> 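Mind looking over this structure? Questions follow.
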Amino acid sequence: MDKTYSPRDIEARLYAHWEAEGRFRPAGDGTPYAIVIPPPNVTGTLHMGHAFQDTIMDALTRYHRMRGDRTLWQPGTDHAGIATQMVVERQLNAAGQTRHDLGREAFIKRVWKWKDESGGTIARQMRRLGTSVDWTRDRFTMDEGLSRAVTETFVRLFDEGLIYRGKRLVNWDPVLHTALSDLEVLSHEETGSLWHLRYPLADGSGHLVVATTRPETMLGDTAVAVHPEDERYAHLVGRQIALPLTERRIPIVADTYVEREFGSGCVKITPAHDFNDYELGQRHDLPLINIFDRNAVLNDEVPATYRGLDRFEARKRVVADLEAAGLIEKIVPHKLMVPKGDRSNAVIEPWLTDQWYVRIEPLAGPAIEAVESGRIKFVPENWDRTYYEWMRNIKDWCISRQLWWGHRIPAWYAADGSIYVGRDEAEVRARHGLGADLALRQDDDVLDTWFSSALWPFSTLGWPESTLELKQFYPTAVLVTGFDIIFFWVARMIMMGLKFMGDVPFREVYVHGLIRDGEGQKMSKSKGNVLDPLDLIDGIDLETLLAKRTAGLMQPHLAAGIEKATRKQFPDGIASYGTDALRFTFASLATLSRDIRFDVGRIEGYRNFCNKLWNAARFVIMSVEGHELGDGPQAPTLADRWIRSRLAAALEATRTGFDGYRFDLASQALYEFTWYDFCDWYLELSKAVLNSETASEAEKRATRHTLISTLESLLRALHPLMPFITEEIWQRVGVLAGRTGPTIMLEPWPVADTTARDPEVDGEMRWVMDLILAVRQIRGEMDIAPSRRFEVLLAHASESDLGRLARTRHWVERLANLSSLRPLELGVAEPESAVALMGQMRILVPMAGLIDVVAEMARLEKRIVKLRADLGKTEGKLSNANFVTNAPPAVVEQERARIADFSRELAGLEAQLERVRRLQ
RNA sequence: GGGCGCGUAGCUCAGCGGUAGAGCACUUCCUUGACAUGGAAGGGGUCACAGGUUCGAUCCCUGUCGCGCCCA
């Protein structure tokens, strides 16, 4: 093996091999375990959020596969209707064309072409990450099978009356020319104005003042409303207003919707352009006057002078004309929420159109129940409250989109306006007995992208066919997702799964945090703080990184700032850390928190961890190669038994971590075992045995055996998090440990050997370590060179100490680098020494030529100060009668023991200080 | 306005009723045969603040302050 771990050389090769050998396919007859991937946009690229999520899903998948489960990680991609259509339209625009120049059919062809060109990117990136998805089952939301599932659900829901077509107000995007669901509209607070308008009473007896943030919509007003209990206006209810700028007369109505305190307490009502006004209009049977066309330009319903004006231009003209007529009472600054499309960022217009809706209440009920009853569990648990909050206030889902890229709605219209729904035109004709001569035209609209996503857990497994996969893998085990799409996706999958499969789509929902940059900022192109996971794996030089971050900005003026910040944060670009380091970093960040700050400092630490593991393996292999491992007798040493005990504890902690989605704790347990227990202690202890002239061959054999078997178990334990380095090392180590399988992927995840846990062994090893640490501390604080060997004496050693000393002296001498370690006989005078205490036993480092008296006094004083403080605290506790009577006896006993230890040690150190002081 | 969350070492985060932990950063020493992407030793925290419950609170409860997210 090379001296330095070099991920680049191993990762691509191993992945290609795994894939070629079909290692990712479900195998064996264990318990089925399935995860469906949240399908990324087919034409997108992998970002940090994907990489994080994929790491978690892959860790779960590999872990369960190794546990013997029949494991499927179902991959696939989403057609991402609006997003993809926009990208292709932009490409056309750049060439001076629009989609209308091409026409529907040619445009869709063009999108498919784009999908074919760029669709492989994210799959390639996933392979770099090591994702063990079953690529042979790869699905796309627009492929034939999934499209059939979409049609099937639409038709069934329609037949049951759960899909209907309605003329309603929708969120209309006047730029994209499509309706949007409530979720796709984001409201931002903006500072605008509140115009107070005078509306004359029709009988000329005065006027009312109405306040509005959108004066241009007055052209579509069909009433003025006041609160029924507002005595200021009670006498006016039922009378008429002469609506300015128009020839119309509109009524004054009373409705509790009106807030008396807001403005003047009178509200203009525009039922065709405001959701609240629409409902009020329904209650009062008001006419709807639609004043906008699809571009939000004023139409023929308004007086001629305003026709053809854009809504914002119209606002200026209407205000100017009202002003001129003396009908503006006042204009005050006002904060309001402005709705915008999440894709186009255009101001959304409530607009009256025909759309398709899903009647959601009958679906929501069972979906709420599934979580309440615990059939679906959110992790962390409290996300269920967010889910309930949303589900209990859910509104019908507008599923039609006026786009071309997507699943076309399976509805056909006859010339007379009749609507027929069916799986295809032939079925429609057959079902409704329509003759071949009757012309039918299919609905132009497509379905909301999330409609097909909602079917994902069963459509990918073959539904509506009754496939073996459905039978085996549905319900899937867990959905791994960010909280940002609980409503968009999770809730809808639950509703559709219950409806069409009669069971929940997954048993658990693991909701992870969102990856942000080191400052907690969302990563975005315009902020220039985006990290590409591939750049962390492969590294990138500064100039390339700068070019990447500043290219194609929507606002080019930001480039300078981005360049400055990037130069500051990455003066030398980004080093190459490798996939395993990145994955281990993600795992360590997978806490329960909502925002995950990606601190680049951490990945370096975990790259070093990979290197540590690599070199530990080199040492183990070097120590073992050329020696027979199999048959000879073995005499396990204390160290052997100890590291097995520690391994059992670490595996237990890791398993608990994996099972509870605490990848941070799992990774921490493995990190600490590997570095602290295995490398820092066990490998050093093993050197003492293997290099010893006195150790028996049976002990050496046991040590070699323990080295190789511990490493081999550790590799298997780490594999779900670090697939590449573990496989690479395992290919050499597995054989030496007697394993014959072709890949670590298919080896069993190591089970903690609970019989290896041994308190006596732990206690004796603790004694060895404490002794070594005590000597090292004196060495460190006395500035004695690590290479300088000296003698250590043990005074007041008990029988137990002497027994331990005899058994473990070789280790202490080696790890503390001593020339000798021996007990001081009773009655022999102690040489002047630096002293450390272990219980009764005094550890003496003779000072002659080694130790400076002043430094030793300082060292002792420091310890004494600390001890006095600790002792004081403990004494305070025990002097409290309430504590002694009320606290559990074990706790009181522990404090008493503590006080005894502290007192003895303190007395010892004080005496020692006095002795050293006299040497001055 | 409603819902949810966060405030622990310089930074990023674990812990969550019995004397505070990690990584990175920092200080000192060290190229000894796995590893300087390393080893050894060390410094650093009134666990946001105020009350309460408790023998005991960073941890539980209430409130205050600060920060964030979602929904309307």
Side-chain angles (χ1 to χ4, degrees), chain A residues 1 3-6 182-183 186-187 337 380 382-390 392-393 483-484 486-487 513-514 516 518-520 522 575 577-578 581 585 588-623 662 664-665 667-668 671-672 675-676 679-680 683-684 686-687 691 707 772-773 775-789 814-817 859 862 866 869-874 876-878 880-888 890-892 894-895 898 902:
Chain A
M1 284 169 78
K3 184 172 169 183
T4 304
Y5 155 68
S6 171
D182 294 338
L183 286 173
L186 304 174
S187 290
M337 300 302 282
N382 49 287
W383 283 109
D384 58 9
R385 306 197 53 172
T386 306
Y387 173 80
Y388 293 141
E389 190 70 17
W390 155 259
R392 288 180 181 141
N393 298 300
F483 56 80
D484 50 335
I486 288 182
F487 307 143
L514 265 28
R516 297 168 176 276
E519 270 79 56
K522 220 167 176 167
Y577 297 110
T585 308
S588 74
L589 293 172
T591 65
L592 297 178
S593 113
R594 285 184 177 198
D595 294 329
I596 296 169
R597 298 184 184 209
F598 192 88
D599 176 18
V600 184
R602 283 186 79 150
I603 192 171
E604 190 175 334
Y606 293 122
R607 190 270 320 264
N608 295 352
F609 176 64
C610 291
N611 189 55
K612 189 79 181 174
L613 180 67
W614 183 263
N615 278 292
R618 283 179 61 224
F619 170 76
V620 171
I621 292 167
M622 191 186 302
S623 306
R662 290 303 304 268
D664 58 327
L665 301 180
S667 64
Q668 194 186 352
Y671 182 97
E672 290 178 351
W675 206 305
Y676 306 141
C679 292
D680 286 352
L683 293 192
E684 296 305 318
S686 76
K687 289 176 190 171
N691 297 332
L707 278 170
I772 292 166
L773 290 170
V775 176
R776 280 181 183 168
Q777 187 180 69
I778 291 172
R779 185 193 285 277
E781 293 195 36
M782 293 299 106
D783 263 343
I784 303 169
S787 55
R788 176 90 184 255
R789 304 177 76 192
R814 170 153 182 140
L815 268 65
N817 197 29
R859 187 183 74 89
K862 200 170 75 185
K866 172 86 167 65
D870 289 346
L871 183 62
K873 243 188 261 175
T874 311
K877 244 184 183 176
L878 279 168
N880 179 353
N882 285 329
F883 171 71
V884 181
T885 49
N886 291 326
V891 174
V892 177
Q894 182 190 319
E895 293 298 316
R898 207 173 257 162
F902 287 160

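Note that this is a predicted model, so its numbers are computed, not measured. Throughout, a chain's letter reflects where its sequence line sits, starting with A, and its residues are numbered from 1.
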> Could you check how far CD1 of A:I486 sits from C1' of B:C71, rounded to whole Å?
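Going from A:I486 (CD1) to B:C71 (C1'), I get 13 Å.
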> Paired with B:C24: which nucleotide, if any, by Watson-Crick or G-U wobble criteria at under 3.5 Å for both distances?
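By the stated definition (distances under 3.5 Å), B:G10 pairs with B:C24.
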> Quick one: look up who B:C59 pairs with, Watson-Crick or G-U, both distances under 3.5 Å, and put none if it's unpaired.
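B:C59 is paired with nothing.
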> Atom pairs under 3.5 Å, N or O on each side, protein against nucleotides 5-13 of chain B: can you list them with distances?
unit_1: B:U12; atom_1: OP1; unit_2: A:R597; atom_2: NH1; d: 2.9
unit_1: B:C13; atom_1: OP1; unit_2: A:R597; atom_2: N; d: 3.4

> May I ask which nucleotide in the shown strands pairs with B:C29, Watson-Crick or G-U wobble, both distances under 3.5 Å?
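Check on B:C29: paired to B:G39, both distances under 3.5 Å.
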> Looking at every strand, decide which applies to A:N880 at a 4.0 Å heavy-atom threshold: base, sugar-phosphate, or nothing.
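Sugar-phosphate, backbone atoms only, no base.
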> For the residue pair A:Y606 and A:Y577, is the inter-centroid distance of their aromatic rings smaller than 6.0 Å?
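No, the ring centres sit 6.0 Å or more apart.
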> What integer number of Å spans the C1' atoms of B:U58 and B:G21?
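Looking at atom C1' only, B:U58 and B:G21 are 13 Å apart.
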> Less than 4.0 angstrom between a side-chain N/O of A:Y676 and OP1 or OP2 of B:G23, yes or no?
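A:Y676 to B:G23 OP1/OP2: side-chain N or O found under 4.0 Å.
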> So which nucleotide from B:G3, B:A14, B:U19 ends up closest to the side chain of A:E389?
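Of the options given, the side chain of A:E389 lies nearest B:G3.
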> Is the distance from the ring center of A:W383 to that of A:Y387 below 6.0 Å?
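A:W383 vs A:Y387: aromatic centres not under 6.0 Å.
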> At under 4.0 Å between heavy atoms, what does A:L773 touch on the DNA or RNA strands: base, sugar-phosphate, or nothing?
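It contacts sugar-phosphate atoms only.
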> Heavy atoms under 4.0 Å, any strand shown: does A:R898 hit a base, just sugar-phosphate, or nothing?
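A:R898: base contact, heavy atoms under 4.0 Å.
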> What distance, rounded to whole Å, do you find between the two P atoms, one in B:U12 and one in B:U19?
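Going atom to atom, P in each nucleotide, I get 28 Å.
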> Taking pairing as Watson-Crick or G-U wobble with both contacts under 3.5 Å, can you name the mate of B:U54, or confirm there isn't one?
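Paired with B:U54, as far as the under-3.5 Å criterion goes, is no nucleotide at all.
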> Identify the nucleotide, in any strand shown, that forms a Watson-Crick or G-U wobble pair with B:U64, with both distances under 3.5 Å; if there is none, say none.
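WC or wobble partner is B:A48.
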> Figure out the NZ/C1' separation between A:K877 and B:U19, and round it to whole Å.
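Rounding to the nearest Å, NZ of A:K877 and C1' of B:U19 are 6 Å apart.
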> If you pin A:F902 and A:N882 to their nearest nucleotides in RNA chain B, which one's is more 5'?
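Going by which nucleotide is closer to the 5' end, it is A:F902.
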> Examine A:K687 relative to A:F619 and say whether NZ or CZ is less than 6.0 Å from the centre of the six-membered ring and inside a 45° cone about the ring axis.
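Pair A:K687/A:F619 counts as cation-pi.
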> Go nucleotide by nucleotide along RNA chain B from the 5' end; which of A:R662 and A:W383 gets its closest nucleotide reached first?
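Between the two, 5'-proximity favours A:W383.
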> Is there a Watson-Crick or G-U wobble partner for B:C69 with both distances under 3.5 Å, and which nucleotide is it?
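Here B:C69 is engaged in a pair, and the nucleotide opposite it is B:G3.
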> Please report the distance separating the P of B:G66 from the corresponding atom of B:A40, rounded so that it comes out in whole Å.
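Per the computed distance, 46 Å lies between those P atoms.
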> Looking at every strand, decide which applies to A:R392 at a 4.0 Å heavy-atom threshold: base, sugar-phosphate, or nothing.
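No contact.
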> Could you check which of B:U19, B:A72, B:G43 has an atom nearest any side-chain atom of A:M337?
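The answer is B:A72, which lies nearest to the side chain.
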> Say we look at B:U8 and B:U53: how far apart would their C1' atoms be, to the nearest angstrom?
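Those two atoms are separated by 23 Å.
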> Picking from B:G43, B:U19, B:A41, which would you name as closest to the side chain of A:Q777?
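Of the candidates, B:A41 comes closest.
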> Can we say A:E781 and A:R859 salt-bridge, meaning some charged N sits less than 4.0 Å from an Asp/Glu carboxylate O?
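No.
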> What are the two closest heavy atoms between A:T585 and A:A581, and how far apart are they?
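Where A:T585 meets A:A581 most closely, the heavy atoms are OG1-O, 2.6 Å.
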> So if I define the base as every atom that isn't primed, P, OP1 or OP2, how would nucleotides 27-38 of chain B read as a B/S/- string at a heavy-atom cutoff under 4.0 Å?
-SSS---BBSBS
